[in-house]
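Here the structure comes first, spelled out in structure tokens, and everything after it is commentary.
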2 protein chains.
Amino acid sequence: MVTLAEVAQHAGVSASTVSYVLSGKRSISATTRLRVEQSIRELGYHPNAGARALASSRSNIIALMVPLRTDMYVPVMMEIAIAVATTARMHGYDVLLLTGEEGPDAVRRVTGSGLADAMILMDVQLDDERLPLLRGSGQPSVLIGLPADTTGLTCVDLDWSATGALCVEHLAKLGHHDIAVIGEAPAVYERHTGFAERTLDGLRVRARELGLRVLHRPCEGGYDAMAVTLARILDERPGTTGFVVQNESAVEPLLALLRQQGRAVPEDVSVVAICPDQVAVQASVRLTSVGIPAPDMGRYAVERLIATLEGRAAGEVVLLAPELTVRASSGPAPAAS
Amino acid sequence: MVTLAEVAQHAGVSASTVSYVLSGKRSISATTRLRVEQSIRELGYHPNAGARALASSRSNIIALMVPLRTDMYVPVMMEIAIAVATTARMHGYDVLLLTGEEGPDAVRRVTGSGLADAMILMDVQLDDERLPLLRGSGQPSVLIGLPADTTGLTCVDLDWSATGALCVEHLAKLGHHDIAVIGEAPAVYERHTGFAERTLDGLRVRARELGLRVLHRPCEGGYDAMAVTLARILDERPGTTGFVVQNESAVEPLLALLRQQGRAVPEDVSVVAICPDQVAVQASVRLTSVGIPAPDMGRYAVERLIATLEGRAAGEVVLLAPELTVRASSGPAPAAS
DNA sequence: ATAGGTTGTCGAAGCGCTTCGACTGCTTTT
DNA sequence: AAAAGCAGTCGAAGCGCTTCGACAACCTAT
């Protein structure tokens, strides 16, 4: 293993000079810099991470806490994680992968040991138990998701409330009056995950303003669960012509079931999904959808975090505006029979 | 921030004693140990990760390199990643998330800087450019996937060749003669990803032994691509009654298209999928499938790695035996018309 | 009783880096 | 021409921990 001292000796300068060449924190003459850089290359020098962390008390690591539940759409999580890792690298940071499993302890451990300089938390619940710790520790952090109380916290999220409103507006404009919302699995609501509740609220409020009727049903993914849920919905509100689907894994089953029952999409019923664009275009009917900008969320989170680390920013909530793309699954409501 | 020295002072012992209490590397009297542990708790001490890494030259971090491509089934990646993180934590290790993007440079960086003690590589290609570096660096590592040359490497993977054979055997036993294989996206074959090629080889060899005809077609996911692929297959081999699907995102489209064409599953055609069990049971027809044991793969990888770090193991290839579960998508071949 | 082991503890020497103050020659200002 | 400033470099002091050798104090065998 090559050390700073060896590079210094090879280049004929002192260790501190090499350090300053590396960090750029003091001016170095062009000739010296070149010589040092040459030595670094020749010897294949890599600064030792531990020594660096010890001396500077900065690890250049960002901790990312991902949920290990699988009841939410996993590819979105993965996309966010990858965006976080990629963006972090662009800024010279590495990413430590923490699972939600450890819970608050992980926050304590990472904060206390100086393992990471900052944290990103995903899958934030409205009343998340990690938040008091985070506030108390003074650890720079960004939440992906919106808890109930955001004082002193930096949060990045899709504006789910606006997302819900947008879906219902689209259907209203097309003349639909009875809307059914296929929600996430019941467990998601039970643990008060912000995005699910906010979507529903935003949707309901706008629906009321527009004079639409809304029926909301949580739904596990898969065909069997969807079949039961759909049957109940059509039983209770036979006139339902618009569907908003938030649970990605219910989308395809819904389309298949509707087809099977002879209800044409979009002639008889319209479907609006809340899902990544890639899913929307790969479905059996190209779906009118509000996209989930996972990469943006990851990227923003890292950028906010680094701004905070550099003292360029403080607690703040960033809500990304939702965008609805009209595709082939929504159309004018059928004339009332 | 509380330091070792402060704990030592509080407990009335020397710093080294506290260190030995923590590591258990020398015997400590019960009374002293208790006193030290008490002080640690009272002061809320957490060892500093950087200092530890510097002094011991072990970071207790495992680097996990995940592909950032999205042309392969993402949830499997995520499941592996989560299993890796969870297992690693159980052994006192943290996980650093590296994206494939950096490629060989990441290996150099992590190896050189002592950031991580070991690496796990996913999405290994048959002739992976990271391998020479890995061999050269002496960095302990485990591959999830099987390259062409495994000398000196530790690898964990599903036995894809046996998987392919298993699928074809099942269909043969049911009396099918003409088999079509819906493969991964062409790009996956082009970059010589081991698992795709091995599956195909295993399947073909066994098919020849059993006297079956096999037609293989790579296929992007989604309805449109699948429609084209299916049309071509049925055009070339109208008598095809058995399908083996490796590309997860082609499965549902295939089922929908067959249904649409009036071919009943499993009465007219049988479908065997290679996918996680969860996907198999959630599909519109409960799929006969060979499962992908993602959590096992992650867990094994970490356990091998830790064994290597502790000098309890050397390079070795672990192939997990595939298991086929019969569900509702496969049945006896229809009588020849 | 004495040589030889154990057991439990301490002190000190680093691990490889960052960073602060100090110093040397210059160039600029007055 | 002296004072002041600046660019460029160095030496040394740590950062908080692990680990090695040393050394008491005690226990066992002869």
Side-chain angles (χ1 to χ4, degrees), chain A residues 1-37 39-40 43-61 92 94 109-117 309, chain B residues 1-37 39-40 43-61 92 94 109-117 309:
Chain A
M1 154 155 284
V2 188
T3 69
L4 228 212
E6 290 169 340
V7 173
Q9 192 176 2
H10 186 272
V13 297
S14 75
S16 48
T17 301
V18 177
S19 178
Y20 287 125
V21 167
L22 250 25
S23 69
K25 291 191 181 171
R26 284 202 182 173
S27 54
I28 296 285
S29 70
T31 50
T32 308
R33 177 172 31 239
L34 255 42
R35 199 141 38 82
V36 170
E37 282 165 355
S39 297
I40 288 176
L43 300 179
Y45 168 71
H46 284 270
N48 181 88
R52 225 171 212 199
L54 178 55
S56 65
S57 43
R58 316 235 296 96
S59 63
N60 280 283
I61 289 181
D94 272 295
R109 196 165 56 82
V110 169
T111 301
S113 68
L115 230 189
D117 296 333
L309 284 172
Chain B
M1 155 156 283
V2 188
T3 69
L4 227 214
E6 289 168 344
V7 173
Q9 192 175 3
H10 185 273
V13 298
S14 75
S16 48
T17 302
V18 177
S19 178
Y20 286 125
V21 167
L22 250 26
S23 70
K25 291 192 179 170
R26 282 200 183 175
S27 54
I28 296 286
S29 69
T31 51
T32 308
R33 184 182 14 248
L34 256 41
R35 201 142 37 83
V36 170
E37 282 166 355
S39 297
I40 288 177
L43 300 179
Y45 169 71
H46 283 269
N48 182 87
R52 227 170 209 200
L54 177 56
S56 64
S57 42
R58 316 237 294 95
S59 63
N60 280 283
I61 289 181
D94 272 294
R109 197 165 56 82
V110 168
T111 302
S113 67
L115 230 188
D117 296 333
L309 283 172

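Just so you know, these numbers use all the heavy atoms, side chains as well, and skip hydrogens, waters and symmetry mates.
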Treating [X] as the side-chain partner and [Y] as the backbone partner, does any N or O pair qualify as donor plus acceptor under 3.5 Å?
| X | Y | result |
| --- | --- | --- |
| B:R33 | B:V21 | no |
| A:D94 | A:I61 | no |
| B:S113 | A:H46 | no |
| B:E6 | B:T3 | yes |
| B:S59 | B:L115 | yes |

Tell me whether the OP1 or OP2 atom of [N] has a side-chain N or O from [X] closer than 4.0 Å.
| X | N | answer |
| --- | --- | --- |
| A:S56 | C:dC17 | no |
| B:S27 | C:dG8 | yes |
| A:K25 | C:dT18 | no |

Look at the side chain of [X] and decide which nucleotide, out of [options], has an atom nearest to it.
| X | options | result |
| --- | --- | --- |
| B:S29 | C:dG8, D:dT18, C:dC10 | C:dG8 |
| A:Y20 | D:dG16, C:dC17, C:dC20 | C:dC20 |
| A:N48 | C:dT7, C:dG16, C:dT18 | C:dG16 |
| A:T32 | D:dG16, D:dG11, D:dG8 | D:dG8 |
| A:T3 | C:dC10, C:dT19, C:dC17 | C:dC17 |
| B:A55 | D:dG11, C:dC15, C:dC10 | C:dC15 |
| B:S19 | D:dT18, C:dT18, C:dT9 | D:dT18 |
| B:A51 | C:dG16, C:dT9, D:dC17 | D:dC17 |
| A:S14 | D:dC17, D:dG11, C:dT18 | D:dG11 |

Taking the nucleotide of DNA chain C with the closest heavy atom to each, which residue, B:L54 or A:A15, is nearer the 5' end? B:L54

Length of the line joining [X]:[atom1] and [N]:[atom2], which is rounded to integer Å:
| X | N | atom1 | atom2 | value |
| --- | --- | --- | --- | --- |
| A:N60 | C:dC17 | CG | P | 14 Å |
| A:E6 | C:dG16 | CD | P | 8 Å |
| B:I28 | D:dT19 | CD1 | C1' | 13 Å |
| B:I40 | D:dC17 | CD1 | P | 10 Å |
| A:R35 | D:dG8 | CZ | P | 14 Å |
| B:L115 | C:dC17 | CG | C1' | 14 Å |
| A:L22 | C:dG16 | CG | P | 16 Å |
| A:R58 | C:dC17 | CZ | P | 17 Å |

Checking only heavy atoms, does the side chain of B:R26 share a donor-acceptor pair with the base of D:dG21 at less than 3.5 Å? yes

Quick check: are there more than 12 heavy atoms from other residues, nucleotides or ligands sitting under 6.0 Å from CD of A:Q9? no

The answer to which of B:L4 and A:T31 contacts DNA chain D further toward the 5' end, by nearest nucleotide, is A:T31

